[in-house]
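Heavy-atom basis, side chains included; hydrogens, waters and symmetry copies ignored.
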Amino acid sequence: MVADIEKLCDVIDRLSETKWSDGLPIVPPTKNQVERFIQYIGRLPGDIIAKVPPQWGEGTVEKVAANAVMAGCRPEYMPIIVAALQAMEDPGLNAAGMLCSMHSAVPLLIINGPIRKSLNINSGFNVFGQGWRANATIGRAVNLTLMNVGGARPGEADRSVLGQPGNYTFCIAENEEASPWDPLHVDRGLAAIDSAVTLIGAEPPQLCLTPSLDNPWDILTVLVSHMTHLGSVTTYYQGQSLVVLSPEAAAICAEARWRKKDVQQFLFEKARMPHSKLKMGIYKDATDKYFMWPHWIDRRKGEEMVPMARRPEDIVVVVTGGPGARCSAYLPSWATRSVTRKIDV
Amino acid sequence: MPLSDTDLRKMIEEFGLVDPTVKEAIKEETAKAEGIPRLVDLNGKRACFLENTMESSGIVLRRIKEVLEQRYHLADSRMWSKLWYSRPGAPALLDEIAGKCDFVISGIGL
């Protein structure tokens with residue numbers, strides 16, 4: 001028995017030196033293990049789930065299952081991985097561009113609906129952090145598939161200069177029970193009893209601490225300070241960005257009778273920078289090119305105030321995380337729009 | 001040290017593993033590109049220089065355009081721009097280029 005374990009460790013060690021791995025040890029994708037995952041979703045091994053970006057390799061059931069095994073998933077996670085990979089094909093997400101870019105945004109998975117509970121997907125303490133197998137391995141399985149099937153290997157198709165920790169895994173759930181508002185998938189037209197995954201291109205979360213603030217104006221003004229900086233591509237290309245409110249921060253807004261769309265409107269109105277300042281930013285003096293800015297911005301005027309999104313609803317708001325410190329977070333994005341897909345369970 | 005392909009194939013057989021990677025799609029795209037007939041002479045041809053809206057892309061391509069115009073008698077030579085560097089060229093743009101050009105030089109850059 002001990003000898004078997006030692007041999008398994010040796011196999012894991014050797015496989016982790018191959019291009020199959022993201023740098024962390026991987027579970028060997030044996031035929032038996034992969035077969036368990038295939039059987040769970042009841043499809044043929046050669047069925048194509050999705051063409052996988054950035055190089056649009058054929059994501060067959062067998063290939064996706066093998067990557068899910070390597071990531072350490074349970075077979076029950078497969079429907080989420082399937083839905084996420086299918087959402088990846090949506091041109092609005094611009095996944096191929098995102099995954100090849102020198103930028104650091106990668107697809108973040110946001111899970112909604114009853115599947116959060118049935119699979120114990122974390123939406124509480126440390127929601128972006130470690131400690132939950134489902135969050136850790138579902139996100140990892142998707143990223144391994146992007147790498148092994150889609151070709152998103154660093155230095156090859158993936159040209160990100162710095163990358164980010166979300167390249168390993170980037171998967172959260174919304175804390176629907178603690179939210180005063182409809183969850184994200186209901187905003188997108190699905191039923192509350194549906195389960196869904198939303199993909200949004202995102203940089204790592206920027207924490208906004210507001211422990212002593214007790215009203216929406218003050219809390220959101222801190223968020224505004226994070227949203228208005230010169231280094232963000234979101235500022236220039238007006239992709240959809242993500243604002244995460246902790247349940248306490250959302251409750252303070254709701255107690256003041258703010259709806260989610262009031263939060264979005266506030267951030268749209270207040271998170272603005274003058275055109276003259278933006279000209280000092282990443283594409284110096286070339287801001288006349290930024291056609292995604294709303295038409296009402298007069299690009300001839302330096303004092304014109306430019307919002308950080310094209311429309312209020314392009315500032316996507318979700319409620320998640322645990323109690324304490326009335327935290328929020330801002331996740332800048334890229335030239336990408338979020339995509340929501342129902343999970344077939 | 002990374003395992004060699006030979007050693008990896010041995011491991012796949014020895015332990016009954018499923019290869020999680022896909023190489024075929026990329027090869028197919030490469031084969032398609034390799035199957036396109038090459039031009040043997042640029043004289044008399046219509047040239048397209050497709051820049052991706054990033055500054056250095058345009059700088060390099062404009063210089064290449066100048067050099068080729070000096071060296072060859074091009075029937076036509078013009079710059080084109082993608083709408084946005086982060087997205088593929090719009091199908092209508094690519095169709096228009098295909099109808100008006102004999103060859104395309106493109107490039108990316110920041």
Would you list the pairs meeting salt bridge (Lys or Arg N to Asp or Glu O under 4.0 Å) in which at least one residue belongs to residues 18-47 of chain A, sequence neighbours left out? Lys19(A)-Glu156(A), Asp22(A)-Arg140(A), Arg43(A)-Asp47(A)
Chain B interface, residue from Asn94(A), Thr30(A), Val11(A) that has the most non-hydrogen pairs under 4.5 Å: Asn94(A)
Criterion side-chain contact (heavy atoms from CB on, under 4.5 Å) on Ile105(B) and Leu68(B), from CA distance to verdict: CA-CA 11 Å; Ile105(B) 296 180; Leu68(B) 292 185; 3.6 Å; yes
Listed pairs under 3.5 Å, donor-acceptor, residues 69-77 of chain A side chains, sequence neighbours left out:
from: Arg74(A); atom 1: NH2; to: Glu76(A); atom 2: OE2; distance (Å): 2.8

Given a strict heavy-atom distance threshold of 4.5 Å, which part of Arg153(A) is in contact with chain B: side chain, backbone, both, or neither? side chain
Contact class of Asp19(B) relative to chain A, heavy atoms under 4.5 angstrom: both
Check whether any side-chain heavy atom of Ile12(A) lies under 4.5 Å from a side-chain heavy atom of Val27(A), and answer yes or no. no
